[in-house]
Amino acid sequence: MKLTPLTKGLLADALLIIAAVVAFYAFPYDLAFLTRIVIMAILVLSIDLILGLGGIVTLGQAALYGSGAYAAGLFAIHISGDPLLGLAVGMLAGAAIAFLSGLLLMRAEGLTLIMLSIAVALVLQEIANRARDWTGGADGMRGIRMDPILGLWRFDFIGQTGYIYVCCVLFVVLFALKVLKASPLGLMARGIHESPARMRAIGAPVYQRRLILYTLGGAIAGIAGALAAQITQLVSLEVFNFSHSAEAVIMLILGGAGKLYGAIIGTVIFMVVHHLAASVDPFNWLFIIGALVLGVVFFVPQGLLGVPTALKRLIGGGK
Amino acid sequence: MNTFLSILVDGIAYGMILFMISVGLSVTMGLMRVINLAHGGFAMLGGALAHWLIAAGLDYWSAMALAVAGTMLIALPLERLLYQRIYRMGELQQVLATIGIAFLMIASVNLWLGSTILPIPTPPLLRGALDLGFRTLPYHRIVVIIAGLIVIALLFLLIERTRFGIRLRAAVDHRATASVLGINTAAIYALTFMLGAGLAALGGVLGAELLPIDAYYPLRYMVLFLTVVAVGGMGSITGSFVAALGLGILDTAARYLVPDFGTIAFYAAMMLLLTLRPHGLMGRGHA
């Protein structure tokens, strides 16, 4: 049977929803961890948009994630505890920071781009550290209280509402990205990924398109940050940590870049391995993570979603 | 005036340490076009070896020499087995693979010596200070500055005046052509990589007072070393030297004068410079 890309996508979505529901009932005591995985998956999806689709290699996604988290936290404390409004604020903050830093970043490439993106996150972290009156500095921002979602569903102690809430946001983001990927902007981003010079030659405004892509990625990363702030009711300086950016990129490559579902699969596998390794041996789990990263880069450079294709090619005799 | 002198001496000493650790990174990045995020790991390995050897009863100087030699011996199989494959990857894969190597280095040192700070006690000779009458200069800073000057002089002689240096420059300029001319570029790569690792180890040991050694050293200072390379321009030794001194003095000055905004000033300066000169001070801008 030959599946069209559309039915394939619908099938994958159905599987994803089933997996989310099964996880909800199978691990009722690990909902906090599952929620963290889903939030991370949204952050990794935002990188998939920038890196997987647009081919823009940065290591500073934490800057956008952290801005969303702090914006949502401040909004909840000072203005309103409504979760959805807070989400919008986080999204706007992530997009604004991405746009402003992107004005500068999208002109650079290679090592310079990587360094600049890291520097943006570090500068924001230092600003958050200094603005103690607003952010709580190194102690973190406390006192975030969330109202019920749409006035109906209260955030409960074991995290059922939180899990369902982040899953819904994940599906909305995934759907939006699918639409974006098929849109003219998405096609142009693919062209820029494959050959910026050729796209420039046929008249595509490469810099401007990259900036739009980066801003949209910032919006999604801001959503992820806002969710983290709302669910944990705490924002600390660690949201801007370099390790956040690096681990998110590793998760994306693990699953396979540019395919959206790869981002989700990579996040789940990485977080679960990380969780298990850290609980089995809290001191030496970095061995496992290091080996995992090297194994992926050396043996499955296309990510785990690339494995079936590679196997098919192997069995089919190089067709 | 006194503050100014303190800034200058501390800043130059700090810059020399940064230079020693980063120059190997710059040359390997210029030569092999590889973004190596694990380079700080060699400085940490040098420091950890020195800590261990001194704890085992060796004196400071022989521990330092053995630590540098040991780090170079560790770097050789790493280059032959791992890095050789990494050279041919795309930049994203390089970044990830070298982060993986950095993780493994951290985990190894963590397992071997634990996650506490690994002190490298300096000999009594380095602990005193030279009295100039109007102020004092710690001997440690003087030794660091002199060591830095010796390293750049030797590097200059090696690259400009020896056969190895000629081959190295040829390989940096164009690997394929160099290899067609009969230069064994694989051997040049391995030697250069070892040299860079050895210099990083030297910088790690000498700089342990300024940048304390512990298992998470490679990640903590990774951005700092990469900044030196990015600002100096990949593959340029002079660039690294100027960038390391400049950043060392800037960072020290910011810490003395505007302690609240030191970090912001440092990264703001780096961002400004990289915006104006995307290939660094002395970079040649490879397409």
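All figures in this text were calculated on a predicted structure; none of them were measured in a lab.
Annotation: side chain of A/V249 is not in contact with side chain of B/V95 (no heavy-atom distance under 4.5 Å). Proximity of B/V229 to A/M115: side-chain heavy atoms (C-beta onward) are nowhere separated by under 4.5 Å.
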(message) Set out, in order, the CA-CA distance, both residues' side-chain angles and the distance that settles side chain to side chain contact (heavy atoms under 4.5 Å, CB included) for B/F266 and A/L122, then state yes or no.
(response) CA-CA 10 Å; B/F266 182 82; A/L122 288 172; over 6 Å; no

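When every heavy atom of B/A107 is checked against every heavy atom of A/L286, the shortest pair comes out as CB-CB, 3.9 Å. Shown here for B/A97 and A/V297, the closest heavy-atom pair between the two residues is CB-CG1, 3.9 Å. For the residue pair B/L111 and A/F287, the shortest heavy atom distance occurs at CD2-CE1, 3.9 Å.
Residue B/I35 touches chain A through its side chain alone, counting heavy-atom pairs closer than 4.5 Å. Contact of B/M105 with chain A is not made at all, since no heavy-atom distance falls under 4.5 Å. Both the backbone and the side chain of A/L116 come within contact range of chain B, judged by heavy atoms closer than 4.5 Å. For A/V293, the part lying near chain B is the side chain, with the backbone staying farther off; criterion is any non-hydrogen pair under 4.5 Å. For a residue to count as touching a neighbouring chain, one of its non-hydrogen atoms must lie under 4.5 Å from one of that chain's; by this rule B/V231 does not touch chain A. Contact annotation for A/L104: only side-chain heavy atoms (C-beta onward) come within less than 4.5 Å of a heavy atom of chain B.
In this structure, the side chain to side chain donor-acceptor pair (under 3.5 Å) partners of B/T177, at least two apart in sequence or on a different chain, are B/H174.
Highest contact tally toward chain A, considering only B/V223, B/I99, B/I106, is held by B/V223 [criterion: heavy-atom pairs under 4.5 Å].
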Candidate polar pairs, chain B side and chain A side, donor-acceptor under 3.5 Å:
residue: B/N110; atom: ND2; partner: A/F283; partner atom: O; Å: 3.1
residue: B/D260; atom: O; partner: A/R130; partner atom: NE; Å: 2.7
residue: B/P278; atom: O; partner: A/T112; partner atom: OG1; Å: 2.6

